[in-house]
Amino acid sequence: QVQLVESGGGLVQPGGSLRLSCAASGRTFSSSTMAWFRQAPGKEREFVAAISWSGGMTYDADSVKGRFTISRDNAKNTVYLQMNSLKPEDTAVYYCAGRIRGNWNLVTVVSEYNYWGQGTQVTVSS
């Protein structure tokens with residue numbers, strides 16, 4: 001079993017940057033595909049970015065491509081989301097998620113993930 005704790009959210013002005021962290025406990029982190037999702041009020045949870053267990057593969061949603069970067073440090077059991085050039089439409093609760101195994105082609109699917117963090121709020125506003 002893996003437990004995930006996100007941190008790093010907050011209030012930032014448009015054009016600003018934030019780095020989210022997700023600390024994992026449990027022995028299976030280093031073999032897990034990890035991802036970030038977000039959910040804005042009144043909207044469904046949506047995929048943001050994913051990274052393979054080794055960090056060798058990443059995939060970003062079109063809405064964040066070129067602005068957000070997902071990375072991981074297996075020695076620290078942590079996955080990160082560097083967010084640059086933030087826009088008001090990036091405002092949401094951001095969730096870290098993980099899965100032990102699965103088809104890489106399905107990394108954008110919410111139901112593919114076995115465990116989730118509690119979320120961290122990101123607000124982009126002037």
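Note that the numbering runs from 1 along the sequence shown for the chain. Just so it is clear, the structure is predicted and the values come from calculations on it, not from any experiment.
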In Å and rounded to the nearest 0.5 Å, what is the OH to OG1 distance from Y59 to T33? 14.5 Å
Who passes side chain to side chain donor-acceptor pair (under 3.5 Å) against Y80, sequence neighbours left out? none
Who are the side-chain contact (heavy atoms from CB on, under 4.5 Å) partners of V93, not counting sequence neighbours? Y95, Q121
Please say yes or no: joined through hydrophobic side-chain contacts below 4.5 Å, possibly via intermediate residues, are V124 and L11 part of one cluster? no
When every non-hydrogen atom of F47 is compared with those of A61, the smallest separation belongs to O-CB, 3.5 Å
Of all heavy-atom pairs between A50 and I70, which one has the smallest distance, and what is that distance? O-CG2, 3.6 Å
Contact summary for G9 and V122, nearest pair of heavy atoms: CA-CG2, 4.1 Å
List in chain and number order the residues that pass ring pair (Phe, Tyr, Trp, His ring centres under 6.0 Å) with Y113, two or more places apart in sequence or in another chain; answer none if no residue qualifies. F37
Answer yes or no on whether K76 is positioned over the face of F29, meaning its NZ or CZ is under 6.0 Å from the six-membered ring centre and within 45° of the axis. no
Would you kindly check if the NZ (Lys) or CZ (Arg) of R72 is within the cone defined by 45 degrees around the ring axis of W53 and under 6.0 Å from the six-membered ring centre? no
My understanding is that only residues two or more places apart in sequence, or in another chain, count here; which of them pass side chain to side chain donor-acceptor pair (under 3.5 Å) with D90? R38, R67
Value rounded to 0.5 Å, distance of OG in S25 from CG in N77: 8.0 Å
Disulfide (SG to SG under 2.5 Å): pairs with one or both residues in residues 12-71, sequence neighbours excluded: C22-C96
Where do L81 and Y94 come nearest, in terms of heavy atoms and distance? CD2-CD2, 4.1 Å
Check step by step if side-chain hydrogen bond (donor to acceptor under 3.5 Å, both in side chains) holds for D73 and T78. CA-CA 5 Å; D73 185 338; T78 303; over 6 Å; no
E6: which residues meet the salt bridge (charged side-chain N to carboxylate O under 4.0 Å, His left out) condition with it, sequence neighbours left out? none
Just how far is it from atom CG of L4 to atom CD of Q118, taken to the nearest 0.5 Å? 9.0 Å
